[in-house]
Amino acid sequence: MQILKKAILTGIWFAVLTFPIMVVKVDHIEGKMVWRWENAGYIAIGAALLSLVWRYLLERKAMRRRQEELAIREPSLWNKILRDPKLIRTGLLILLLLMLILPALSSTYHINIIATALIYVVLALGLNIAVGLSGQLVLGYAAFYAVGAYAYGLANHYLGIGFWAMLPVGGIIAALAGILLGLPVLRLRGDYLAIVTLGFGEITRLIIQNWSSLTRGPGGISGIAKPGFFNFSMADVAVSSVYIYYITLALAILTIFVVDRLKHSRVGRAWQALREDEIASEAMGVDTMRTKLSAFALSSMWAGFAGVLMATKTTFINPNSFTFMESALILSMVVLGGMGSIWGVVLGAVAIILLPEYLRAFSEYRMLIFGAIMVAMMVFRPQGLIPPQFRRYEIPDYLKKKSAGTPEGAKEGN
Amino acid sequence: MNSELQYFFELVFSGITKGSIYALIALGYTMVYGIIELINFAHGEIYMIGAFTGLIVAGLLGIFGFPLLGVLAIAVICAIIWCAAYGYTIEKVAYRPLRNAPRLSPLISAIGMSIFLQNYVQLAQTSDFLPFPQLIPDFEFLDSIAYIVSSTDVVIIVLSAVVMTALHCFIKYTNMGKAMRATAQNRKMAMLLGIDADSIISVTFVIGSALAAIGGVLIASRMGSIDAYIGFLAGMKAFTAAVLGGIGSIPGAMFGGLVLGCCENLAAGYISSDYADVFAFLILVLILTFRPSGIFGRAPVQKV
């Protein structure tokens, strides 16, 4: 009863709270007000129901934490499947085969959408290096994406340089931009770094927008060349979109592979140590400056690659594609999937691009839902859809005997 | 007065007007940061909601033919009430469950909240520009200086000065203000001394949102149009002002707002107006890079 009363009160509170915005609407052309009383009812009922779900989830989360502290919780079935390497390998192989024969099965329209999703996979994995692995919150990621896209766009427009030459160059230029920004600001931590990168992102966009003599301003650059295949040009739209699809697929697979190897490399472990505790990792001999800078540079390099790819795919770029909302979109992919988890981030990127594409009815509410998801994820499941897994090192048997007296907890290091 | 000098004073006065609005919004950032060390990204959105509430209330009253000053007063009061309620609710939904989470979690939650609110207003109202009625009348006794500073500017400057003085007195001399300062200094210690930290944090959000609401209605009346996206840029600039003055410091936020408004206007007037926003962001990046503690702030001592 108490719970129900609280839910009803929450409903009323939200109905009153959203009254001016939801119910009254200014029709400035006719100069009168439009009243939408039904909205107040929807809000009240929706908020009351949501508050019940909210309270239930909060309670469940608290209960789980208690169980985890007592270590009585069994890993769920879902987790067991995720931890079985054999199942994962078979699944991935099937997925790869499907992706390879996809152009034969579906239309150009679907190929284009999936190629876009793959570009975002590359972007999200790149941002994951900075945000997920090394814990540096970058809010201006779209700037590096813009650097890559404009590097190719301008080089193609003024100098006629082709896609294949610019793909590595675009990545390198974006990485240099990352280092250039990184050098002065990396001694800042957490939220200050986030704000500086946000400021940098906006400055980049505003400069692109206002430097009309070079970048053609808000109108953007159009007619960017599609990639060629040796000496054949890919003029036909259908053929060229299949070709671009394979290029993005190859780049996405390369990104997944490289980021996975990086994660378990020396520098990757240094990143994760830095994320967990900067002071402790410094005390253990991690060169924080160099480690952060490498994370920044690699992260922006992938944004550069994705930018070149995006420019060639759409053949048109303008500054409006690189706003803060774009950065937030990529960040929400990383957050939704699970910061630091490679497959989680891939899933997050694919879900965020494909769901609105196929659920057209919701596309208007896309950003609204993303915002809500970001809040809800942080409150209920900060580790993401597929949480990152720490590598476990087993102590071999002959060592166990020697250290028989050590406590149980020492067996499982991260 | 020659025209060169007049142009300069025009720029300075409109800079001070803009700056006092930045200061009003910056106070919300700085108070919240002072207490829970969170950059409240959704604060710019509160300012935007304040402007929208003001517009709606003014539109309703306009039908009944209220006198202009009455409309202004009621619009401001309604905006304050609703924005305060928004601030309270946002804190409770998006930040309170994350009180003990790692530092990046509430920040991401705040970004999500900001995106949510922006799209909520855009969907419920409109994504176009809405004309905002001029709520501040032209005063006759100000006619003699009207060529440098309009009466709208005078009202904004005076009103924000009054509000900021009141806030200063509230923080300095009331029990609640004392409790707020104590919580900002050391939350655990304050709780041990019997201060309910959660309610102090709520009060901080309520006051910050109310200030942003005043700023929203006033600046909308000066600019003459609003849309659902004004919150982001204004929020960023106000945050710049808060950082400039030293985040966590209340006089710093006021001073930072004025300096930022003047700098931006002078740079736009004498160098290039296309790059006015670039200057603001450049100041933000430079200050954070070279003097993160700002003008009035103390450099944080890092404890291991």
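A, B, ... follow the sequence lines: proteins, then strands. Residue 1 opens every chain. Everything numeric in this text was worked out from a predicted model, so none of it was measured.
Contact annotation: the side chain of B:Thr89 approaches that of A:Leu17 to within less than 4.5 Å [non-hydrogen atoms, C-beta and beyond]. For the pair B:Phe232/A:Met325, no side-chain contact is recorded, criterion being any heavy-atom separation below 4.5 Å from C-beta on. Taking 4.5 Å as the limit, every side-chain heavy atom of A:Phe324 sits out of range of all side-chain heavy atoms of B:Leu233. Residues A:Pro20 and B:Phe52 fail the side-chain proximity criterion, which asks for heavy atoms closer than 4.5 Å. Here the side chains of B:Val93 and A:Trp54 are in contact, with some heavy-atom distance below 4.5 Å. Side chains of A:Thr204 and B:Phe281 form no contact here, defined as non-hydrogen atoms less than 4.5 Å apart. In this structure, the side chains of B:Val243 and A:Ile195 stay at 4.5 Å or more apart for every pair of heavy atoms.
Ranked by heavy-atom pairs under 4.5 Å with chain B, the list A:Thr197, A:Val335, A:Leu198, A:Leu181 is led by A:Leu198. Ranking A:Val16, A:Ile369, A:Val131, A:Leu331 against chain B, the residue ahead of the rest is A:Val16, based on heavy-atom pairs under 4.5 Å. Ranked by non-hydrogen atom pairs under 4.5 Å with chain A, the options B:Tyr120, B:Phe290, B:Tyr95 are led by B:Tyr120.
Sparse packing is recorded around OH of A:Tyr42, with 12 or fewer heavy atoms of other residues, nucleotides or ligands lying under 6.0 Å away. Within 6.0 Å of the OH atom in B:Tyr270, the count of heavy atoms belonging to other residues, nucleotides or ligands exceeds 12. At most 12 non-hydrogen atoms from other residues, nucleotides or ligands lie less than 6.0 angstrom from NZ of A:Lys6.
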Discussion item. For a side-chain contact (heavy atoms from CB on, under 4.5 Å) check, start with the C-alpha distance between B:Leu123 and A:Leu368, then their side-chain angles and the critical distance, and finish with the verdict.
Written reply: CA-CA 9 Å; B:Leu123 289 170; A:Leu368 186 82; 4.1 Å; yes
Item to complete: Take A:Phe200 and B:Leu284, measure what side-chain contact (heavy atoms from CB on, under 4.5 Å) needs, and give me the verdict at the end.
Response: CA-CA 9 Å; A:Phe200 171 76; B:Leu284 174 70; over 6 Å; no
Discussion item. Let's go through A:Met339 and B:Ile108 carefully: what are the C-alpha distance in whole Å and the side-chain angles of both, what is the deciding distance for side-chain contact (heavy atoms from CB on, under 4.5 Å) to 0.1 Å, and is it a yes or a no?
Written reply: CA-CA 12 Å; A:Met339 286 186 275; B:Ile108 292 171; 4.1 Å; yes
Item to complete: Go through the steps for B:Phe279 and A:Leu206 under the test side-chain contact (heavy atoms from CB on, under 4.5 Å), then give the verdict.
Response: CA-CA 10 Å; B:Phe279 292 123; A:Leu206 287 167; over 6 Å; no
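Here the straight-line distance linking atom CE of A:Met374 with atom OG of B:Ser114 works out to 9.0 Å at 0.5 Å rounding. Interatomic distance, CD1 of B:Ile115 versus OG of A:Ser332, reported as 6.5 Å (0.5 Å rounding). Rounded to the nearest 0.5 Å, atoms CG (A:Leu58) and CZ (B:Arg96) are 12.0 Å apart. One distance of note links CG of B:Leu282 with CD1 of A:Ile207; it measures 8.0 Å at 0.5 Å rounding.
With a 4.5 Å cut-off on non-hydrogen atoms, A:Met377 does not touch chain B at all. Looking at B:Met236, the atoms closer than 4.5 Å to chain A (heavy atoms on both sides) all sit in the side chain, from C-beta outward. For B:Leu288, the parts sitting under 4.5 Å from any heavy atom of chain A are the backbone and the side chain alike. Interface residue B:Tyr88: only side-chain heavy atoms are found under 4.5 Å from chain A. For a residue to count as touching a neighbouring chain, one of its non-hydrogen atoms must lie under 4.5 Å from one of that chain's; by this rule B:Glu37 touches chain A with the backbone only.
Residues A:Val379 and B:Pro97 come closest through the heavy atom pair CG1-CB, 3.7 Å. Here the closest heavy-atom approach between residue A:Val375 and residue B:Gly112 is recorded as CG2-C, 3.8 Å.
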